[in-house]
There are 2 protein chains.
Amino acid sequence: MTHQRRLLIQIIQSAESHLDAIALWERARGQDPTLNKVTVYRTLAMLKKYGLVDELDLMHLEGGKHFYEAKASRGHIHLACLKCGRIQEFESSLFEKLKGQIERQRRFSIKVVRVEAGGYCDKCREQ
Amino acid sequence: MTHQRRLLIQIIQSAESHLDAIALWERARGQDPTLNKVTVYRTLAMLKKYGLVDELDLMHLEGGKHFYEAKASRGHIHLACLKCGRIQEFESSLFEKLKGQIERQRRFSIKVVRVEAGGYCDKCREQ
DNA sequence: GTACTTGCAAAGATTTTGCTTCCAA
DNA sequence: TTGGAAGCAAAATCTTTGCAAGTAC
């Protein structure tokens, strides 16, 4: 556990929004200007591998980058507005049931699930 | 409707597996060796924009590329085995219910949904 | 004829790798 | 002290852009 990792983990956990690798790097550089971009990628890969962060694409509203969030105790769905770009989160017991159904019917042991919906949010659909 | 587009669409629709941009390009070049990679990217962007193909990440088992499939009448979930890399598809009425719940509760008009699960398939979990 | 599409080359962006140095345990 | 981690530079991917030439309708 190096201080670089501690810093990156702390930024991810306290982030109010989903950060991509570069945004994470820029925040980290505020605290430690010598921290290298490669370290960010390597740390994210490790956290992802151990299931400590979830990787999101958020429907690729801004190109091919990935976003990261600390693993939540309860799974949630991301709703990305294709017009204004707002990201909402949505929790549902149906989602939990769906996961259970997959595990039982396919005998598939789920480690991570990503649900992302693209569409128009309540504000944008009225316009 | 150019012959390049016709060819690319035909390959996507008849593909037995999910193709990424480069794989699609390679297949297309078999028929039309002059077809450019850029045309593939542009055509995929157009098909995606008009909702004719779905873009998948399949948990990024092989790096940051995207995979494409012709839009199916019924939505389905992709299960990616983190060990052997096999991709399974899964259909469920719970998934349809979940979409309806999101549309009603959040007044969010869904255009595309992507559900991808990573984990261990029945064969790999036993080892 | 004209607006849209393609091909080509080059650039941009993201992510990975090799290797040396450094540091946490 | 030592194995893993960080930094640096460079490469490897993947994707987008500008522009001239071509083509569907």
Side-chain angles (χ1 to χ4, degrees), chain A residues 1-12 17-50 52-69 80 82 85 114 116 118, chain B residues 1-12 17-50 52-69 80 82 85 114 116 118:
Chain A
M1 177 55 68
T2 61
H3 69 93
Q4 288 95 331
R5 285 192 180 170
R6 226 185 316 269
L7 173 58
L8 291 170
I9 290 167
Q10 179 231 305
I11 292 172
I12 294 170
S17 64
H18 306 109
L19 301 173
D20 63 77
I22 304 300
L24 175 58
W25 181 48
E26 282 167 353
R27 291 200 182 190
R29 274 196 303 176
Q31 308 260 17
D32 175 358
T34 70
L35 194 148
N36 196 279
K37 205 196 303 191
V38 176
T39 300
V40 174
Y41 282 109
R42 286 199 271 232
T43 302
L44 285 173
M46 184 209 63
L47 294 172
K48 181 183 162 193
K49 180 181 165 192
Y50 291 113
L52 301 171
V53 299
D54 281 328
E55 185 182 67
L56 312 171
D57 294 278
L58 302 180
M59 302 315 288
H60 297 295
L61 294 180
E62 306 172 49
K65 47 182 145 175
H66 302 128
F67 299 87
Y68 298 87
E69 68 179 6
L82 300 173
R114 196 157 79 203
E116 299 184 356
Chain B
M1 178 55 67
T2 61
H3 70 92
Q4 288 94 332
R5 284 190 183 171
R6 224 185 317 268
L7 173 58
L8 291 171
I9 290 168
Q10 179 232 305
I11 292 171
I12 293 171
S17 65
H18 306 109
L19 301 174
D20 63 77
I22 303 301
L24 175 56
W25 181 49
E26 281 168 353
R27 292 200 182 188
R29 274 196 302 176
Q31 309 261 14
D32 175 359
T34 71
L35 195 148
N36 196 280
K37 204 196 305 190
V38 176
T39 300
V40 174
Y41 282 110
R42 286 198 274 233
T43 301
L44 285 172
M46 184 208 65
L47 294 173
K48 181 183 162 192
K49 180 181 165 192
Y50 291 112
L52 300 171
V53 299
D54 281 329
E55 185 182 67
L56 312 171
D57 294 279
L58 301 180
M59 303 315 288
H60 296 295
L61 293 180
E62 306 172 49
K65 47 183 146 177
H66 302 129
F67 300 86
Y68 298 87
E69 68 179 6
L82 300 173
R114 195 158 78 204
E116 299 183 357

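Please read all numbers here as calculations on a predicted model, not as lab measurements. Letters A, B, ... mirror the listed sequences (proteins, then strands); counts begin at 1. Heavy-atom basis, side chains included; hydrogens, waters and symmetry copies ignored.
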Report task. Verify side chain to side chain contact (heavy atoms under 4.5 Å, CB included) between A:Leu56 and A:Glu69, making sure each step is shown before the conclusion. Result -> CA-CA 8 Å; A:Leu56 312 171; A:Glu69 68 179 6; 4.0 Å; yes
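Atom pair B:Leu44:CG and C:dT5:P shows a separation of 15 Å (rounding to whole Å applied). At whole-Å resolution of the value, CG in B:Asp20 and P in C:dT15 are 16 Å apart. Put simply, CG on B:Asp57 is 15 Å from P on C:dT14, counting in whole angstrom units. Computed from coordinates, the B:Leu35 CG to C:dG7 C1' distance equals 9 Å when rounded to whole Å. Atom pair B:Lys37:NZ and C:dG7:P shows a separation of 13 Å (rounding to whole Å applied). Atom NZ in A:Lys49 sits about 14 Å away from atom P in C:dT16, given to the nearest Å. Taking atom OH on A:Tyr41 and atom C1' on C:dA13, their separation rounds to 8 Å, with Å as the unit.
At a threshold of 4.5 Å between non-hydrogen side-chain atoms, the residues B:Ile9 and B:Met1 count as touching. Under the 4.5 Å side-chain criterion, counting only non-hydrogen atoms from C-beta, B:Leu52 is not in contact with B:Ile12. Contact annotation: the side chain of B:Leu24 approaches that of B:Leu44 to within less than 4.5 Å [non-hydrogen atoms, C-beta and beyond]. The shortest side-chain heavy-atom distance between B:Ile22 and B:Lys65 does not fall under the 4.5 Å cut-off. At least one side-chain heavy atom of A:Gln4 sits less than 4.5 Å from a side-chain heavy atom of A:Asp32.
When the side-chain nitrogen and oxygen atoms of B:Asn36 are compared with OP1 and OP2 of C:dT6, none of them lie within a distance under 4.0 Å.
No side-chain donor-acceptor contact under 3.5 Å links A:Trp25 to the backbone of A:Tyr41. With hydrogens and angles ignored, the 3.5 Å screen pairs no side-chain donor or acceptor of B:Gln31 with any backbone N or O of B:Leu7.
Residues A:Thr34 and B:Glu55 each lie close to DNA chain D; by heavy-atom proximity, the contact nearer the 5' end of the strand is made by A:Thr34. Residue whose closest nucleotide on DNA chain C sits further toward the 5' end, between B:Gly63 and B:Asp32: B:Asp32. DNA chain D is contacted by both B:Lys65 and A:Val38; A:Val38 maps to the nucleotide lying nearer its 5′ end (nearest heavy atom per residue).
Residues forming a ring-ring contact (aromatic ring centres under 6.0 Å, His included) with B:His60 (at least two apart in sequence, or on another chain): A:His66. With sequence neighbours excluded, the residues satisfying salt bridge (charged side-chain N to carboxylate O under 4.0 Å, His left out) with A:Lys48 are A:Glu55. Not counting sequence neighbours, the partners of A:Ala80 by the side-chain contact (heavy atoms from CB on, under 4.5 Å) test are A:Met59, A:Leu61, A:Ile87.
Mapping heavy-atom proximity under 4.0 Å, the span of DNA chain D touched by chain A runs 5' to 3' from D:dA5 to D:dA9.
When the C1' atoms of four end pairs are superposed on the next four at each end of the helix from C:dG1-D:dC25 to C:dA25-D:dT1, using five pairs per end, the two resulting axes differ in direction by 50°, to 10°.
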Write out a two-atom table: protein N or O, nucleotide N or O from nucleotides 19-25 of chain C, distance below 3.5 Å.
| residue | atom | partner | partner atom | Å |
| --- | --- | --- | --- | --- |
| C:dA24 | O3' | A:Met1 | O | 3.4 |

